[in-house]
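When a residue number appears, it is its place in the shown sequence, counting from 1.
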Amino acid sequence: MHVYDRRYPAVAGARLLPPDAPVAQYLALRTALGLQRTVCVTPSTYGTDNRSMLAAVAELGDSARGVAVVDASVPDEELRRLHALGVRGIRLNLSMGVSATPAMLRPLAKRIAPLGWHVQLIVPADRLSALAPDLDALPVDFVLDHFAKIAPSGLGGEAHKRVLRWLEHGRGWVKLSGAYLVSEAENHDGRDAGALARSFLAAAPERVVWGTNWPHATASAGLHPWPDDAALLGLLARWCGDTAALQRVLVDNPARLYGFAA
């Protein structure tokens, strides 16, 4: 999830400028959904300013971890400080971000490797082939966000097959968040992403995680209808098929990836 706070200025060129979305508001949703843990990700709105994310992680305490946005100029001391504050990965947004570039990937991955972090990527599916040599060379795990940005009609296509190979070979993870972002249905409810989700779960059930993607900044920007958070969690349960698989995606896998207590 993300936190938005007008006290922190948006980076120049930011494409998403949603209204404030504080931790207290998120906690009401987390309670309603029956969730107990949170991964707070610095959104593209703030560039490399991680203050809103860090404040949220501090407020949520041991139930939260963070994913930061940094660039090549970040000092090693800052990376260690972020780790002490609960950060367990970095995010490169190559879709709607304004600061990340593919050239950052390998150097930053090398620097975060000693911390045991991962790289979270938002990258259009049609750019995965060009990025493959960099991803194959990474010394850390990488997480492809939002169904690897593959639309339901891309099932069986080149990008889909490549992601399945990464999963099967232990090279990557997929996050089943924001099904509405890849949905091709008129109402963008995400139901048509089911075959994709099941293919990832079948390939490597131990390398799939989920997230609310709250507060749905693309919806507040008018890019698609507002999603139903409970319905999205219900979709995940149906895609998993049984309690053991759901436990793996919501509990066991994120414990390994983000360093939560077992």
Side-chain angles (χ1 to χ4, degrees), residues 13 15-16 41-44 47-48 67-72 89-113 117-185 188 190 192-211 213 217-218 223-224 239 249 253 257:
R15 297 170 61 185
L16 296 176
V41 182
T42 298
S44 60
T48 58
V67 175
V69 176
V70 299
D71 59 26
I90 60 171
R91 183 199 206 203
L92 269 70
N93 188 335
L94 301 176
S95 179
M96 298 188 75
V98 297
S99 58
T101 66
M104 295 179 180
L105 187 53
R106 291 201 205 192
L108 285 175
K110 183 177 180 180
R111 294 181 60 197
I112 66 172
W117 290 7
H118 64 274
V119 176
Q120 176 179 317
L121 287 157
I122 302 181
V123 54
D126 60 5
R127 295 178 62 185
L128 284 175
S129 292
L131 205 60
D134 293 306
L135 294 177
D136 287 336
L138 294 187
V140 298
D141 282 0
F142 60 90
V143 180
L144 298 172
D145 210 351
H146 305 322
F147 291 74
K149 297 289 281 186
I150 298 171
S153 61
L155 186 74
E158 179 184 353
H160 180 232
K161 291 177 181 177
R162 188 178 295 277
V163 173
L164 292 180
R165 287 196 297 270
W166 279 326
L167 290 172
E168 291 165 350
H169 297 161
R171 294 295 306 152
W173 297 64
V174 168
K175 189 181 293 183
L176 302 180
S177 62
Y180 52 84
L181 293 172
V182 299
S183 177
E184 295 169 304
H188 290 269
D192 55 333
L196 275 173
R198 292 186 181 98
S199 74
F200 298 141
L201 289 163
E206 75 284 359
R207 302 185 75 83
V208 177
V209 290
W210 180 85
N213 201 38
T218 48
L223 300 182
H224 53 77
W239 295 337
V249 172
N253 295 349
L257 183 61

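- Between A132 and R162, the closest heavy-atom pair is CB-NH1, 3.3 Å.
- Pairing each heavy atom of K175 with each of G211, the nearest pair is CG-N, 4.4 Å.
- Contact between I150 and A125 at its shortest, heavy atoms only, is CG1-CB, 3.9 Å.
- When all heavy atoms of P102 and R127 are compared, the closest pair comes out as CG-NH2, 3.7 Å.
- Heavy-atom minimum distance, D192 versus A185: OD2-N, 3.2 Å.
- Atom CG in L155 sits 10.0 Å away from atom NZ in K161 (nearest 0.5 Å).
- Between R15 and S44 the shortest side-chain heavy-atom distance does not fall below 4.5 Å.
- Here the CG-CD distance, from L167 to E206, works out to 8.5 Å after rounding to the nearest 0.5 Å.
- Put simply, NZ on K149 and CG on L94 are 11.0 Å apart, with the number rounded to the nearest 0.5 Å.
- With rounding to the nearest 0.5 angstrom, the CZ atom of R91 is 11.0 Å from the NE2 atom of H118.
- How far OG of S153 is from CG of L196: 8.5 Å, rounded to the nearest 0.5 Å.
- Closest approach of A193 and A179 over heavy atoms only: CB-CB, 4.4 Å.
- The distance from the CG atom of L108 to the CG atom of D71 is 7.5 Å, given to the nearest 0.5 Å.
- Side chain of R165 to backbone of R171: no donor-acceptor contact under 3.5 angstrom is found.
- V249 places none of its side-chain heavy atoms less than 4.5 Å from the side chain of W239.
- Looking at heavy atoms from C-beta onward, V123 lies in side-chain contact with L128 at the 4.5 angstrom threshold.
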For residues 134-148, run the donor-acceptor check on the side chains, cut-off 3.5 Å, and write out each pair with its distance to 0.1 Å, sequence neighbours left out.
unit_1, atom_1, unit_2, atom_2, d
D134, OD1, R106, NE, 2.7
D134, OD1, R106, NH2, 3.3
D136, OD1, W166, NE1, 2.8
D141, OD2, W173, NE1, 2.9
D141, OD2, R207, NH2, 3.4
D145, OD1, S177, OG, 2.9
D145, OD2, Q120, NE2, 2.9
H146, ND1, S177, O, 3.1
H146, ND1, S177, OG, 2.9

